[in-house]
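To keep things clear, I will list the structure first and then write my remarks on it.
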Amino acid sequence: MPNLPNKFSKLPKTPPKPPSTTSPPPPDCSTIANLIINSENPESLTQTLQTFTQWTPNLVQAILKRLWNHGPKALQFFNLLENHPSYTHSAAAFDHAIDIGARMRDYKTIWTLMYRMRSRKLGPTPKTFAIITERYVSAGKADKAVKIFLSMHEHGCQQDLNSFNAFLDVLCKSKRADMAYRLFKIFRGRFRADVISYNIIANGFCLKKQTPRALEVMKDMVERGLEPTLTTYNILLKGYFRAGQIKEAWEFFLQMKKRKLEIDVVSYTTVVHGFGVAGEVEKARKVFDEMIGAGVLPSVATYNALIQVLCKKDCVENAIVVFEDMLRKGYMPNATTYNVVIRGLCHEGKMDMAIEYMDRMKDDYDCEPTFQTFNVVIRYYCDDGEIEKALEVFDKMNSGTCLPNLDTYNILIGAMFAKKKSADLLVAGKLLIGMSSNRVLTGDQLDLISFYNIIANFTRISPDQLASTKKIWDQVE
DNA sequence: GTAGGGTTAG
């Protein structure tokens, strides 16, 4: 059986060694992060953290980032460091801690941290409010978010056009374009709304596939004496494709050319991607070739769009031809490029090649596999019933730079329940417990009931089967 | 974290 998460390996538990006072170890953020995750005693952790004298804002940020899936531990770490003799938290560290608290929907912590931040004269900054309002909106509390935005100045942070635009964008990105537009109409005079404000709203309607509303916003801005920019046109162009209005999109693109707009790489990428998604592979290729003739160089994103299109609507071989061509021309592929190719390979059942590309990724500078990479490979192994191999990749993930997230657990556990073999269920149970001890789940009801619900949701397993599974879990513990 | 183009499958 492959290795399970640390919590279950039968290794003897040795307390973490505090760093020596004479020569502290090099600031290795993953070592420190693991130490925090595995510490069970706050006092000894405090001592360990206090002895270490080389805290820097960057190191603290890196550790908080790594503890992103371990909210309570991250906040514990943040709080313990507040009384350090030689280190004080930066505004960015406060923002990060607030973000973590907000993600756990721990609203009390958010406000406590904000008041502490204010008493230390570090903020809150507009960024702090962007974080807080975004989290409230994504928790379904948009009305509350509006109130918070409007009360920013009471917390010592003046609103301006930038923060107004940022907040409109938050509303729009959560598909609340109507609400954003209403708010916008009330305050556009006060904040002196600009082209960016209008673009944000127009994009908001495009995200909801309401291109007529987006056009209306564009008309509105022209009537108020603001000139649409290329970005405005690109937003509409993307909007037509997203709404499945391929013919309208193409006509809009032709209009853009006619009006002598300087069509840029974003416009072309939009069209290549849009045609591809619509299954018009040849048209996508034609536009790709056309842009080079027009003197607009493709970007990595353009290549990614074409490669993805070929993977989905043509075949992965042809996608790899473009990938190799891209390398030959001196482009540096990014994680998305690899993820798209790897997904294409997995989809055609070429798992060995997918793993090869995953290894190639690491050889490229700054292109470590992401959780998307791992999750895709794990998902396809699971779909093939190759759970052993999926767990091997999962192990790689635990020892690497990218920690498993909720999706990862869902994929693995779901596959194990789908097979319904007792040995697999045992592993699934252990993974579930690992998930809870790692606090991958956020919120406060981390009991077996919620586990049941999670499992039932994605496996549609019967309550009887669940009950017998519980017996297995009891044996595990 | 003031706007636009590439990543999940179902």
Side-chain angles (χ1 to χ4, degrees), chain A residues 92 95-96 99 125-135 159-170 172-173 180 191-204 206-207 214 217 221 226 228-239 241-242 256 261 263-274 276-277 284 287-288 291 296 298-312 319 322-323 326 331 333-344 346-347 369-380 382-383 405 407-408 410-411 414 458:
Chain A
D95 283 343
H96 210 135
D99 203 9
T125 65
K127 189 180 167 182
T128 316
F129 278 96
I131 291 166
I132 295 176
T133 50
E134 182 178 348
R135 294 292 172 190
Q159 298 106 325
D160 57 10
L161 179 58
N162 295 347
S163 53
F164 183 54
N165 284 345
F167 183 57
L168 292 176
D169 199 39
V170 163
C172 286
K173 296 264 158 72
F191 290 117
R192 299 179 177 276
D194 61 359
V195 182
I196 295 176
S197 325
Y198 281 95
N199 285 349
I200 288 167
I201 307 281
N203 190 47
C206 286
L207 289 174
V217 174
M221 79 189 274
L226 288 168
T229 60
L230 180 59
T231 301
T232 319
Y233 285 93
N234 284 341
I235 287 167
L236 261 298
L237 181 63
K238 175 77 187 171
F241 277 116
R242 189 184 282 117
M256 285 169 70
L261 286 162
I263 313 268
D264 70 357
V265 60
V266 175
S267 327
Y268 278 109
T269 306
T270 304
V271 177
V272 169
H273 183 249
V277 168
V287 173
F288 185 86
M291 70 186 284
V296 181
S299 64
V300 173
T302 322
Y303 272 101
N304 291 351
L306 183 62
I307 290 170
Q308 192 212 156
V309 158
L310 293 173
C311 282
K312 280 192 173 164
V322 175
F323 178 79
M326 170 183 179
Y331 283 90
N334 59 21
T336 305
T337 324
Y338 277 105
N339 288 343
V340 166
V341 172
I342 289 170
R343 182 170 299 118
C346 288
H347 197 73
T370 63
F371 70 87
Q372 284 100 331
T373 323
F374 286 108
N375 287 357
V376 163
V377 173
I378 290 174
R379 182 186 298 279
Y380 278 92
C382 286
D383 286 354
N405 64 5
D407 274 342
T408 321
N410 275 342
I411 296 162
F458 61 70

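Basis for what follows: all heavy atoms, side chains included, without hydrogens, waters or symmetry-related copies. Chain letters run A, B, ... following the sequence lines, proteins first, then strands; residues in each count from 1.
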Measure [atom1]/[X] against [atom2]/[N] and give the value in whole Å, please.
{"X": "A/Asp264", "N": "B/dA3", "atom1": "CG", "atom2": "P", "answer": "16 Å"}
{"X": "A/Asp95", "N": "B/dG1", "atom1": "CG", "atom2": "C1'", "answer": "10 Å"}
{"X": "A/Met221", "N": "B/dT2", "atom1": "CE", "atom2": "P", "answer": "19 Å"}
{"X": "A/Phe129", "N": "B/dG1", "atom1": "CZ", "atom2": "P", "answer": "17 Å"}
{"X": "A/Asn162", "N": "B/dG1", "atom1": "CG", "atom2": "P", "answer": "13 Å"}
{"X": "A/Leu226", "N": "B/dA3", "atom1": "CG", "atom2": "P", "answer": "17 Å"}
{"X": "A/Asp160", "N": "B/dT2", "atom1": "CG", "atom2": "P", "answer": "9 Å"}
{"X": "A/Glu134", "N": "B/dT2", "atom1": "CD", "atom2": "C1'", "answer": "14 Å"}

Among [options], which nucleotide has an atom closest to any side-chain atom of [X]?
{"X": "A/Arg343", "options": "B/dA3, B/dT7, B/dG5", "value": "B/dT7"}
{"X": "A/Asn165", "options": "B/dT2, B/dT7, B/dG5", "value": "B/dT2"}
{"X": "A/Gln308", "options": "B/dT8, B/dA3, B/dG5", "value": "B/dT8"}
{"X": "A/Ala305", "options": "B/dG5, B/dG6, B/dG1", "value": "B/dG6"}
{"X": "A/Asn334", "options": "B/dG5, B/dG6, B/dA3", "value": "B/dG6"}

Qualifying residue for side chain to side chain donor-acceptor pair (under 3.5 Å) with A/Thr128, from A/Asp99, A/Thr133, A/Asp95: A/Asp95
Syn/anti state of B/dG6 by chi, 90° boundary around 0: syn
Within the 4.0 Å heavy-atom criterion, would you say [X] contacts the bases, only the backbone, or no part of the nucleic acid?
{"X": "A/Leu230", "answer": "base"}
{"X": "A/Ile131", "answer": "base"}
{"X": "A/Ser299", "answer": "base"}
{"X": "A/Thr302", "answer": "base"}
{"X": "A/Ile200", "answer": "sugar-phosphate"}
{"X": "A/Asn375", "answer": "nothing"}
{"X": "A/Val265", "answer": "base"}
{"X": "A/Phe241", "answer": "nothing"}

Between A/Thr270 and A/Ser267, a side-chain donor and acceptor under 3.5 Å: no
N/O donor-acceptor pair under 3.5 Å between A/Tyr331 side chain and A/Pro298 backbone: yes
Counting just side-chain N and O atoms, does [X] come under 4.0 Å of either OP1 or OP2 of [N]?
{"X": "A/His273", "N": "B/dG6", "value": "yes"}
{"X": "A/Lys238", "N": "B/dA3", "value": "no"}
{"X": "A/Gln372", "N": "B/dT8", "value": "no"}
{"X": "A/Lys312", "N": "B/dT8", "value": "yes"}

Donor-acceptor pair present, A/Thr270 side chain and B/dG5 base, under 3.5 Å: no
